[in-house]
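Values in this document were obtained by computation on a predicted structure and should not be read as measured data.
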Amino acid sequence: MTDNEAIKFHLTNFYNKSSGLTFFSGFCGALKDARKMTGRNIETGSKDNTNTFGHLGSWLGTIGYLSLLDQIGGCFRKVNGPTIEANKSNIIKALKNFSNLNDNEIDALYALRNSFAHDYSLQNIGRRSSLTHHFIVDNSSTSPAIILPRHNWDGSMNNLTAQNGTYINLQALGDIVESLISNIIELVDKNEIEIILTGGKDELIARYSFVTGKKVI
């Protein structure tokens with residue numbers, strides 16, 4: 001298996017069944033879970049009114065999408081892509097490599113990941129001002145994904161106002177991640193993605209391949 005085949009397998013290996021077992025990549029498993037929790041078609045990622053299990057503004061589903069960005073940034077980079085400091089978070093690396101968001105928007109999404117994943121809150125006080133946010137989250141079919149405040153919140157509860165809040169549209173955020181994933185798969189077909197794990201394709205397969213004897217939904 002070539003590196004390119006390993007990447008494509010990792011990104012598209014939705015559940016394969018053999019001898020009573022189900023094989024899948026952790027990436028595809030997480031993607032289906034994120035889609036299910038956010039009211040999307042679990043096969044395509046399109047918004048699905050028949051999916052009554054989840055809803056497009058789900059915090060848990062959003063955590064799933066943000067975790068996928070972490071995995072992408074830790075495993076892959078774009079060939080001849082931007083130079084990114086090695087100490088940057090994997091989610092920042094993913095968004096710098098594969099999205100059109102600017103640095104402040106990327107930092108805001110990194111801060112949202114921290115807020116949701118660390119203590120399921122809407123506040124993050126970071127090491128620098130671009131990572132310090134209190135969030136106003138929404139689920140809109142028309143609003144932009146991110147609206148940054150004119151003046152950043154300073155992290156003090158006494159100074160918390162609607163004017164220094166950071167707006168995140170969770171539905172649009174899901175759209176961004178879905179589009180980013182489609183973009184990566186297209187780049188794989190052009191041989192423009194490379195594995196950055198120390199163990200290369202062998203580590204990618206060993207680390208993120210799973211098997212279960214139960215039916216996976």
Side-chain angles (χ1 to χ4, degrees), residues 30-31 33-35 37-40 45 47 54-78 81-181 183-184 196:
L31 180 57
D33 284 346
R35 287 170 171 174
M37 291 299 299
T38 55
R40 295 173 183 264
K47 295 157 193 177
H55 62 94
L56 291 163
S58 167
W59 287 25
L60 281 175
T62 300
I63 290 173
Y65 275 126
L66 295 171
S67 294
L68 284 166
L69 292 179
D70 260 320
Q71 187 182 125
I72 289 168
C75 293
F76 311 115
R77 70 181 167 208
K78 188 176 182 180
T83 300
I84 304 170
E85 299 94 327
N87 64 349
K88 289 292 186 182
S89 165
N90 288 336
I91 190 172
I92 292 176
K93 292 176 182 177
L95 290 168
K96 280 181 171 288
N97 263 289
F98 304 113
S99 83
N100 295 319
L101 299 177
N102 64 44
D103 287 348
N104 288 330
E105 291 169 331
I106 289 172
D107 280 350
L109 292 186
Y110 175 40
L112 180 70
R113 191 287 306 268
N114 294 344
S115 300
F116 276 6
H118 291 171
D119 65 351
Y120 217 59
S121 76
L122 287 173
Q123 296 181 9
N124 184 72
I125 299 176
R127 299 183 304 276
R128 57 184 189 273
S129 60
S130 63
L131 295 178
T132 297
H133 295 265
H134 74 90
F135 293 101
I136 302 163
V137 296
D138 190 15
N139 172 28
S140 167
S141 60
T142 57
S143 299
I146 305 166
I147 301 177
L148 298 170
R150 290 187 178 180
H151 302 287
N152 287 347
W153 179 49
D154 63 5
S156 169
M157 293 298 295
N158 293 329
N159 297 328
L160 188 153
T161 69
Q163 286 67 43
N164 56 30
T166 299
Y167 172 89
I168 305 287
N169 178 359
L170 299 183
Q171 180 176 165
L173 174 53
D175 293 340
I176 286 174
V177 180
E178 288 285 350
S179 178
L180 182 148
I181 291 169
N183 178 37
I184 293 175
I196 59 174

Side-chain H-bond candidate by donor/acceptor type, [X] with [Y], under 3.5 Å:
{"X": "N139", "Y": "H55", "answer": "no"}
{"X": "S140", "Y": "D138", "answer": "no"}
{"X": "D107", "Y": "S130", "answer": "yes"}

Step through the shown structure and confirm whether more than 12 heavy atoms of other residues, nucleotides or ligands are within 6.0 Å of [atom1] on [X].
{"X": "R127", "atom1": "CZ", "value": "no"}
{"X": "K78", "atom1": "NZ", "value": "no"}
{"X": "R113", "atom1": "CZ", "value": "yes"}
{"X": "N100", "atom1": "CG", "value": "no"}

Mind listing the closest non-hydrogen atom pair of [X] and [Y] along with its distance?
{"X": "P144", "Y": "A172", "value": "C-CB, 4.3 Å"}
{"X": "A162", "Y": "I136", "value": "O-CD1, 4.1 Å"}
{"X": "H133", "Y": "L131", "value": "CD2-C, 3.5 Å"}
{"X": "L56", "Y": "G39", "value": "CD2-O, 4.3 Å"}
{"X": "A94", "Y": "L69", "value": "CB-O, 3.2 Å"}

State whether the side chain of [X] and the backbone N or O of [Y] hold a donor-acceptor pair below 3.5 Å, judged by distance alone.
{"X": "T166", "Y": "L148", "answer": "no"}
{"X": "N97", "Y": "K93", "answer": "yes"}
{"X": "S58", "Y": "G54", "answer": "no"}

Supply the atom-to-atom distance [X] [atom1] to [Y] [atom2], rounded to the nearest 0.5 angstrom.
{"X": "S129", "Y": "W153", "atom1": "OG", "atom2": "CH2", "result": "13.0 Å"}
{"X": "N183", "Y": "E178", "atom1": "CG", "atom2": "CD", "result": "13.0 Å"}
{"X": "N169", "Y": "T142", "atom1": "CG", "atom2": "OG1", "result": "8.0 Å"}
{"X": "N90", "Y": "I72", "atom1": "CG", "atom2": "CD1", "result": "10.5 Å"}
{"X": "N114", "Y": "N124", "atom1": "CG", "atom2": "CG", "result": "4.5 Å"}
{"X": "N164", "Y": "D154", "atom1": "CG", "atom2": "CG", "result": "7.5 Å"}

State, yes or no, whether a side-chain contact exists between [X] and [Y] at a heavy-atom distance under 4.5 Å.
{"X": "N102", "Y": "I106", "value": "no"}
{"X": "I146", "Y": "L173", "value": "no"}
{"X": "L160", "Y": "S156", "value": "no"}
{"X": "F135", "Y": "Q123", "value": "no"}
{"X": "T132", "Y": "N152", "value": "no"}
{"X": "D103", "Y": "I92", "value": "no"}
{"X": "S143", "Y": "Q171", "value": "no"}

**Study point:** Worked verdict on S99 versus E105 for side chain to side chain contact (heavy atoms under 4.5 Å, CB included)
**Key:** CA-CA 11 Å; S99 83; E105 291 169 331; over 6 Å; no
Check your understanding: Are L31 and L68 close enough, and set up right, to give a side chain to side chain contact (heavy atoms under 4.5 Å, CB included), and what steps lead you there?
Key -> CA-CA 7 Å; L31 180 57; L68 284 166; 3.8 Å; yes
Practice item. Determine the interplanar angle of the Y120 and F116 rings, folded into 0 to 90°, and report it as parallel if under 30°, tilted if 30 to 60°, perpendicular if over 60°. Key: tilted
Exercise for review: For the pair L122 and W59, evaluate side chain to side chain contact (heavy atoms under 4.5 Å, CB included) and give the outcome as yes or no after the intermediate values.
Suggested key: CA-CA 10 Å; L122 287 173; W59 287 25; 3.6 Å; yes
Exercise for review: Apply side chain to side chain contact (heavy atoms under 4.5 Å, CB included) to R35 and Y65, showing your working.
Suggested key: CA-CA 8 Å; R35 287 170 171 174; Y65 275 126; 3.6 Å; yes
Point to revise | D175/R40 salt bridge by N-O under 4.0 Å criterion | key: yes
